[in-house]
Number of protein chains: 2
Amino acid sequence: MSKPLRIIVDHREPEKLKKRLIKLGMEVEEQQLDIADYIVSDQVACERKTGTDLITSLMDNRLFEQIDRLIETYEQPFLLLEDLSSAFERTEWKKRKKHVYGALTYIFLRRQVPVIPTCQMSETAIALNRIASWVQEDHDDPIIARKSPKARSLRDNQLFFLQGLHNTGLKKAKILIDKFESPIEVLNAILDSNVIYTKTGNPKGVEGTFKNLEGFGPKYLLKNQELLRLSDKNSQ
Amino acid sequence: MSKPLRIIVDHREPEKLKKRLIKLGMEVEEQQLDIADYIVSDQVACERKTGTDLITSLMDNRLFEQIDRLIETYEQPFLLLEDLSSAFERTEWKKRKKHVYGALTYIFLRRQVPVIPTCQMSETAIALNRIASWVQEDHDDPIIARKSPKARSLRDNQLFFLQGLHNTGLKKAKILIDKFESPIEVLNAILDSNVIYTKTGNPKGVEGTFKNLEGFGPKYLLKNQELLRLSDKNSQ
DNA sequence: CTGTAATCTTTATGA
DNA sequence: TCATAAAGATTACAG
């Protein structure tokens, strides 16, 4: 197990919720917070509201003010909306659905603050835990991991490998490997090709092995040369 | 009263919901939609999911595929999450709250797709109505463009590419690119390394750049040299 | 998405 | 050198 997930909690938040977070193995630090209820990192923080809270803060015009301060302070703020249905249980509020969803629409369209709904307090704790996990643990790299089946033929593995190239699916991979025999020769051919530019500096065509190969134009070559050759430091 | 609010609805969506929208005074156009359930404008569209839908589409890996298509197609996509609590009513799903909130976290943190929760179908109609109102009627405040999820960086693409190697996941890909700077240098290093055998012919160790690199042994090198170098004809 | 099991590979250890 | 066990990653699958 690695380091525990940490979270800073406003001291006015319910004790029960803090207990839940601790029970989930988190390190809870209590503070007096002015602009948020929970802080997951210097960039990620949220305001927690129950359905009832939402209505009341909507009625005394406190809601949008709070949201705005959240936006100003944190790069990635969000709203934890716990038990939305509680907003409608009192009969005198039943007619207010239009207001509530108008407010949510405003929050999402105009303010671009994401909302995470939960059904009850225990789930709010789980949600906070998952968010902390994504923010603090090594999920950081937004990689769509590639899963490569293991027991396949050499050719299948080579085709799979080449599909990691930019703009390359099964079809192009097949063309490439049929023409150049082995993957490394494919890559060398890509690197050895040159793009011809017009006088005005626009890519015009290619010279080298790819000259007469349909579907592999200047853009394809440039993109993949970059992919293969560039070290990350130079770019960015 | 100005022009009625318009909305395009996928024909597979529940009849009851369409009726609700009409009752709210909206002009409902039915179509067969491939990538969204409701379209409010060419930029604004959403996928509607009940809690139950969320779980099922999570289990058969359909959820993120749908979300991704939504992102690619519309400037401002969002997710209408109706009756989240229904996700937990089946007892076998009770234990799976972590999955649900993990998914929601992923959707909002990594994909930057907003979620609008509603408690029941009638409220979903109201929410759609409010959103259409914001989008189609004149508001003083313009809609703020969604900050799209950060495009895959060069490094991400390179990591993705290297994961096409044999027995190489994210972890090894990171180690390789950090050490060798660019993908082509990684591959060259693999090809330049040699395996040392014992007198009896068993692989013992490696020489070359990989000599002191933990986690990359003889078998790794042999397998990947084969992957890169062999033309399919020689093998099989 | 999350969790767990199965698989593969390297590395450490002792004979 | 060999054999085996322990540790680490990656892949597969189920819910």
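In what follows, chains carry the letters A, B, and so on, assigned in the order in which the sequence lines appear, proteins first and then strands, with residues in each chain numbered from 1.
- Counting only heavy atoms from C-beta on, B:Thr198 has its side chain closest to D:dT1 among D:dT10, D:dT1, C:dT9.
- Look at CG on B:Leu170: it is 15 Å from C1' on D:dG8, rounded to the nearest Å.
- Within 4.0 Å of B:Thr105, counting heavy atoms only, lies no atom of the nucleic acid at all.
- Between the side chain of B:His99 and the base of D:dG15 there is at least one donor-acceptor pair of N/O atoms closer than 3.5 Å.
- The NE2-P distance, from B:His166 to D:dA9, rounds to 19 Å in whole Å.
- Remark: P of C:dC1 and NZ of B:Lys49 are 16 Å apart, rounded to the nearest angstrom.
- In terms of phosphate contacts, B:Lys98 brings a side-chain nitrogen or oxygen within less than 4.0 Å of OP1 or OP2 of C:dG3.
- Considering only side-chain atoms of B:Leu58, the nucleotide from C:dC1, C:dT2, D:dT10 that sits closest is C:dC1.
- Applying the side-chain hydrogen bond (donor to acceptor under 3.5 Å, both in side chains) rule to pairs touching residues 70-81 of chain B yields A:Gln112-B:Gln76, sequence neighbours excluded.
- Between the CG atom of B:Asn167 and the C1' atom of C:dA6 there is a distance of 14 Å, rounded to whole Å.
- Distance from the side chain of B:Lys172 is smallest to D:dT10 among C:dT2, C:dA12, D:dT10.
- Separation of atoms CG (B:Leu230) and CD (B:Gln225) is listed at 10.5 Å; rounding is to 0.5 Å.
- Contacts of B:Lys95 with the nucleic acid, taken as non-hydrogen atoms under 4.0 Å apart, are absent.
- At the heavy-atom level, B:Leu165 lies nowhere under 4.0 Å from the strands shown.
- Rounded to an integer number of Å, the gap from B:Asn61 CG to D:dC13 C1' is 11 Å.
- Put simply, NZ on B:Lys223 is 11 Å from C1' on C:dC8, counting in whole angstrom units.
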Test salt bridge (charged side-chain N to carboxylate O under 4.0 Å, His left out) on B:Asp53 and B:Arg62 and set out the steps. CA-CA 10 Å; B:Asp53 293 340; B:Arg62 238 173 47 247; over 6 Å; no
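- Between B:Arg96 and C:dG3 there is no side-chain N or O to OP1 or OP2 distance below 4.0 Å.
- Per the geometry, CE belonging to B:Met59 stands 15 Å off P belonging to C:dG3, to the nearest Å.
- Looking at A:Glu29, A:Glu13, A:Glu30 one by one, the single match for side-chain hydrogen bond (donor to acceptor under 3.5 Å, both in side chains) with A:Lys18 turns out to be A:Glu30.
- Between A:Tyr38 and A:Phe78, the distance from one ring center to the other does not fall under 6.0 angstrom.
- Within the nucleic acid shown, B:Asn202 comes within 4.0 Å of sugar-phosphate atoms alone, with no base atom in reach, counting heavy atoms only.
- Between the NZ atom of B:Lys219 and the P atom of C:dT11 there is a distance of 14 Å, given to the nearest Å.
- B:Thr200 has a side-chain polar atom (N or O) that falls below the 4.0 Å cut-off from OP1 or OP2 of D:dC2.
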